[in-house]
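Reviewing the structure listed below.
Numbered from 1 within each chain, the chains take letters A, B, ... in sequence-line order. This one's a predicted model, so the numbers in the text were calculated from it and none came from an experiment.
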Amino acid sequence: MKLIKLTLPNGDIKEVTYGTTIGEAAVSIGSRLAKEAVCGRFNGELKDLSWQLIHAGDLEIVTTDSPDGVEVMRHTAAHIMAQAVLRLWPEAKLAIGPTIQDGFYYDFDMDHSLSSDDLEKIEAEMAKIIAEDYQVTREELDPGEARRLFESHEDIYKLELIEGLDEQDKTISIYRQGEFFDLCRGPHLPSTGKVNAYKLLSVAGAYWRGDSRNKMLQRVYGTAFFKKSQLEQYLHRLEEAAKRDHRKIGRELDLFSISEEGPGFPFFHPKGMVLRNLLEDFWREEHTRRGYSEVKTPIMLREELWHRSGHRDHYHDNMYFSEIDNQRYAIKPMNCPGGILMYQRKIHSYRDLPIRMGELGLVHRHELSGTLHGLMRVRSFTQDDAHIFMRPDQIEAEIIGVIDLIDYVYKIFGFPYHVELSTKPENAMGDDAIWEAATDALRKALENKGLDYKVNEGDGAFYGPKIDFHLQDCVGRTWQCGTIQLDFMLPERFDLSYVGEDGQKHRPVMLHRVVFGALERFIAILTEHFAGAFPTWMAPVQVMLIPVAEDHVAYAHKIAARLDELRIRYEIDDRNEKIGRKIREAQLQQVPYMLVLGNNEVNEGNISVRHRRQGDLGKFEPDQFIQQINAEIKEKQLD
RNA sequence: GCCGAUGUAGCUCAGCAGGUAGAGCACUUCCAUGGUAAGGAAGGGGCCACCGGUUCGAGUCCGGUCAUCGGCUCCA
């Protein structure tokens with residue numbers, strides 16, 4: 001009998017007989033391992049436990065605690081869901097059903113429109129399929145067989161997928177469980193009974209192949225875990241994220257609102273303005289320090305300018321237009337053309353470069369109505385923009401300068417982040433050579449900084465490639481904020497120049513960049529990240545003065561005068577209420593410090609300090625407290 | 001823009017066999033002068049998103065519009 005040598009992850013060599021399945025191999029390695037086994041990884045490829053080993057190679061048993069194991073199980077869960085849907089609505093056509101981060105979905109084409117009540121029905125049917133514990137088996141078919149099989153069920157979407165697979169010369173495999181079968185690469189769990197903790201989460205529309213010209217299908221989202229406790233933990237996390245929703249907190253803390261009179265055009269309330277102004281102050285301080293100047297360009301400019309810049313051709317659908325004195329105007333969706341006009345006002349020497357021109361620019365973009373979302377997705381927003389005009393030899397140093405700035409700013413807020421590089425998109429201006437040079441410059445700067453990055457092919461802006469910074473909030477979600485875009489195109493289009501050492505005209509290179517991205521969105525992210533409990537330096541109200549009774553209001557004003565000197569933001573709660581109530585409300589407003597002022601304090605000339613998280617901190621000399629909170633603010637401490 | 005759901009007081013929500021609207025919180029006034037997360041009482045407040053239809057009668061049924069929510073597409 002022929003023996004096969006398997007190399008295990010720890011380097012051990014295991015010999016098994018020809019034709020042994022991965023599942024059997026797992027048993028022979030250890031019974032505990034076999035119990036936890038989900039599938040195997042043979043020479044880097046995931047295979048079913050029933051896969052037969054017929055030649056030597058590396059074998060790893062993928063277990064329930066590995067990310068791959070979870071993904072395989074979710075894929076099986078998606079099949080079980082599809083099976084359940086077909087049992088309930090036999091006319092449904094299956095499209096695709098992949099796993100995604102934290103779960104899976106399956107797209108269906110069916111007349112019955114699914115409601116959340118239906119999710120329960122589907123879940124119940126899934127429970128039956130799991131209890132019935134069908135074997136999940138793999139079959140490999142040639143394209144003709146596969147076509148016939150799916151044609152017999154009029155599975156138009158699967159047939160389209162098969163066409164694609166056939167072109168790529170890939171093996172066509174299907175998986176069966178009970179009466180159900182599906183086109184699938186696999187691998188899968190050995191049987192449906194192995195799926196344990198699952199939950200269907202929502203139904204939504206989704207275009208076939210993600211293309212809005214195609215039919216809209218019904219997508220059911222779900223998730224599954226090996227352990228009930230993990231599922232519960234995940235659902236709990238969703239609840240926590242919902243509690244942090246900036247739309248809810250924004251209302252509760254009176255930061256901003258959006259009126260039906262202006263969908264996508266937010267109103268900032270006084271407390272939201274405090275946040276905005278602080279971000280702007282911080283931004284100005286950092287930019288001044290780093291050699292930026294600040295400008296402001298007009299909201300509206302002649303439409304002709306936007307033809308020259310290329311926006312009219314490449315960005316038309318997102319722009320608003322208007323008319324003044326029979327002249328066509330456009331409302332700016334970006335700040336760059338204005339910045340360029342500013343650059344062109346005079347002749348520049350090579351000695352003047354780089355020019356770092358910052359602008360907190362209010363831009364308007366027509367976003368599709370269905371995409372608006374609180375402050376995260378709006379139709380008018382303020383970019384913390386800057387345009388750097390520079391000589392080609394300055395490109396790398398300037399990019400590195402921006403990378404350092406972004407790194408500095410994100411660390412102040414305690415955000416970890418990662419970086420992505422986006423290359424030439426389909427609707428791009430300019431030829432490939434320029435794009436390549438620009439993309440190389442960005443890549444070089446990243447490599448010089450030793451930053452790891454992911455590449456997004458075809459995801460760049462129409463005028464140049466970009467580096468995106470994705471920060472991660474405390475619930476683990478990521479948000480694209482900062483970007484650096486290199487642009488050889490607009491300087492060309494606008495015939496920008498500087499006078500070189502040789503007295504001749506040369507073409508400068510432009511860099512577009514933002515750090516926060518948009519103030520509106522950044523405020524939304526901060527709100528969710530801190531769940532409304534902004535660090536003291538940002539808190540709209542930093543101190544709540546709480547006189548115990550009417551007699552103590554005068555003393556509160558005396559303390560307040562001291563806070564005024566240092567521009568510490570406070571409120572005096574002089575309502576005729578018990579202090580328990582005043583404290584509760586200050587807590588709910590996430591005020592960092594509450595000062596309780598009653599007879600004891602007035603007589604002793606001190607204050608009782610309560611912190612929103614640490615509770616009662618005891619008595620303080622007013623000066624001592626004020627110095628302490630002032631330091632906390634100046635150092636922008638996170639609490 | 002597309003698919004689905006939703007739209008009742010400032011907020012959270014109840015109401016429904018179609019008979020002209022209700023709670024808690026908030027707000028106002030009064031009483032209580034209170035010591036670390038809600039003191040008590042009284043009162044004001046709604047063109048039930050908007051427009052049209054069915055009906056003797058519509059918050060409730062039907063159609064349209066607008067907005068919001070969950071996604072898709074897109075993106076700061």
| task | For nucleotides 24-32 of chain B, just jot down a letter per nucleotide in 5' to 3' order: B, S or -, based on protein non-hydrogen atoms under 4.0 Å. | result | --S-----B
| request: Would you please classify the geometry between the A:F530 ring and the A:F415 ring as parallel, tilted or perpendicular, with 30° and 60° separating the classes? | output: tilted
| Strand partner of B:U60, provided both Watson-Crick or wobble distances fall under 3.5 Å | none
| note | B:G7 -> Watson-Crick or G-U wobble partner, both distances under 3.5 Å, gives B:C66
| request: Using the C1' atoms only, state how far B:G44 lies from B:C30, rounded to an integer number of Å. | output: 14 Å
| said: Using the side-chain heavy atoms of A:R377, tell me which of these nucleotides is nearest: B:G35, B:C74, B:A67. | reply: B:C74
| remark: Walking RNA chain B from its 5' end, the first of A:R612 and A:Y315 to be reached, judged by nearest nucleotide, is A:R612
| query | Over how many whole Å does the gap from A:W208 atom CH2 to B:U73 atom C1' extend? | reply | 16 Å
| Nucleotide paired to B:G22 in any strand shown, Watson-Crick or G-U, under 3.5 Å | B:C13
| Hey, does A:T382 reach any base, or is it just sugar-phosphate, or nothing, if we go heavy atoms under 4.0 Å? | nothing
| task | Decide if the gap between the ring center of A:F104 and the ring center of A:Y106 is smaller than 6.0 angstrom. | result | no
| Checking all strands, does A:N599 fall into the base, sugar-phosphate, or nothing category for heavy-atom contacts under 4.0 angstrom? | base
| query | Taking any strand in view, what nucleotide pairs with B:C47 in a Watson-Crick or G-U wobble way, both distances under 3.5 Å? | reply | none
| said: If you count heavy atoms of other groups shown closer than 6.0 angstrom to CD of A:Q614, is the number above 12? | reply: yes
| Pick one: which of A:K215, A:R209, A:R213 meets salt bridge (Lys or Arg N to Asp or Glu O under 4.0 Å) with A:D211? | A:R213
| Roughly how far apart, to the nearest Å, are B:A41 and B:A32 at atom P? | 15 Å
| request: Provide, to the nearest angstrom, the distance between the CD1 atom belonging to A:I583 and the C1' atom belonging to B:G34. | output: 11 Å
| At under 4.0 Å between heavy atoms, what does A:E601 touch on the DNA or RNA strands: base, sugar-phosphate, or nothing? | base
| query | B:A76 phosphate, OP1 or OP2: any side-chain N/O from A:K466 under 4.0 angstrom? | reply | yes
| At under 4.0 Å between heavy atoms, what does A:R247 touch on the DNA or RNA strands: base, sugar-phosphate, or nothing? | sugar-phosphate
| message | Can you tell me if A:F381 is stacked onto the base of B:A76, using a 5.5 Å centroid cut-off and an angle below 30°? | response | yes
| Which sits closer to the 5' end of RNA chain B, A:L114 or A:R521, going by the nucleotide each is nearest to? | A:L114
| request: Look at all strands and tell whether A:V378 reaches a base, only sugar-phosphate, or nothing, counting heavy atoms closer than 4.0 Å. | output: base
| Just wondering, do A:R477 and A:Q472 contact through their side chains at under 4.5 Å, heavy atoms? | no
| Would you say a side-chain N or O of A:H373 is under 4.0 Å from OP1 or OP2 of B:G70? | yes
| Counting any heavy atom closer than 4.0 Å, what does A:L588 reach on the DNA or RNA strands: base, sugar-phosphate only, or nothing? | base
| With rounding to whole Å, what would you report as the distance between B:U8 and B:C50 at their C1' atoms? | 14 Å
| request: Measure from CD on A:E261 to P on B:U68 and round the result to the nearest Å. | output: 11 Å
| query | Would you call A:E420 and A:K454 a salt bridge, using N to O less than 4.0 angstrom? | reply | yes
| query | Between the side chains of A:T297 and A:K332, does any donor sit under 3.5 Å from an acceptor? | reply | yes
| request: Please determine, for B:G39, whether a Watson-Crick or G-U wobble partner exists with both distances under 3.5 Å, and give it or none. | output: B:C31
| Do other residues, nucleotides or ligands put more than 12 heavy atoms under 6.0 Å from A:E621 CD? | no
| field | Whole angstrom value for the distance that separates C1' of B:C2 from CE of A:M216 | value | 4 Å
| query | Is A:R379 side chain donor-acceptor paired with the B:A76 base, going by distance under 3.5 Å alone? | reply | no
| said: Using Watson-Crick or G-U wobble geometry with both distances under 3.5 Å, which nucleotide pairs with B:C72? | reply: B:G1
| B:U12 to B:G71 separation - C1' atoms, rounded to the nearest Å | 25 Å
| message | From the set B:C72, B:C75, B:G4, return the single nucleotide nearest to any side-chain atom of A:S113. | response | B:G4
| request: Let me know the distance between CZ of A:F108 and P of B:G71, rounded to the nearest Å. | output: 18 Å
| message | Within the 4.0 Å heavy-atom criterion, would you say A:G580 contacts the bases, only the backbone, or no part of the nucleic acid? | response | sugar-phosphate
| What class does the angle between the rings of A:H611 and A:Y593 fall in, given that below 30° is parallel, 30 to 60° is tilted and above 60° is perpendicular? | perpendicular
| B:G15 versus B:G53 - spacing of their P atoms, nearest Å | 29 Å
| message | If I pick the P atom on B:A49 and the same atom on B:A37, what distance separates them, to the nearest angstrom? | response | 40 Å
| request: Indicate, with a heavy-atom threshold strictly under 4.0 Å, whether A:V596 touches base, sugar-phosphate, or nothing. | output: base
| request: Kindly indicate whether the side chain of A:L255, heavy atoms from C-beta on, has any atom under 4.5 Å from the side chain of A:H246. | output: no
| query | What integer number of Å spans the C1' atoms of B:G63 and B:U54? | reply | 11 Å
| task | Indicate, with a heavy-atom threshold strictly under 4.0 Å, whether A:R219 touches base, sugar-phosphate, or nothing. | result | sugar-phosphate
| Per A:T371 side chain, nearest of listed nucleotides B:A37, B:G70, B:C72 | B:C72
| Contact class for A:D211 vs. all strands (heavy atom < 4.0 Å): base, sugar-phosphate, or nothing? | nothing
| task | Examine B:G1: is either OP1 or OP2 under 4.0 Å from a nitrogen or oxygen in the side chain of A:S212? Give yes or no. | result | no
| task | Let me know the distance between CG of A:L372 and P of B:G71, rounded to the nearest Å. | result | 14 Å
| task | Determine, for A:Y408 and A:R290, whether the Lys NZ or Arg CZ falls below 6.0 Å from the six-membered ring centre while staying within 45 degrees of the axis. | result | yes
| query | With a 4.0 Å cut-off on heavy atoms, is A:Y221 in touch with a base, just the backbone sugar-phosphate, or nothing at all? | reply | sugar-phosphate
| said: Heavy atoms only, 4.0 Å cut-off, all strands: where does A:R251 land among base, sugar-phosphate and nothing? | reply: sugar-phosphate
| Among B:G4, B:C3, B:G70, the one nearest A:A204 by side-chain distance | B:G70
| said: Please classify the nucleic acid contact of A:E520 as base, sugar-phosphate, or nothing, using heavy-atom distances under 4.0 Å. | reply: nothing
| task | Give a yes/no answer on whether the side chain of A:Q218 brings an N or O atom under 4.0 Å of OP1 or OP2 in B:C3. | result | no
| message | Taking any heavy-atom pair under 4.0 Å as a contact, classify A:G210: base, sugar-phosphate, or nothing. | response | sugar-phosphate
| query | Under a 4.0 Å N-O cut-off, is there an ion pair linking A:D102 with A:R237? | reply | yes
| Spacing of the P atoms in B:C25 and B:G40 (rounded, Å) | 9 Å
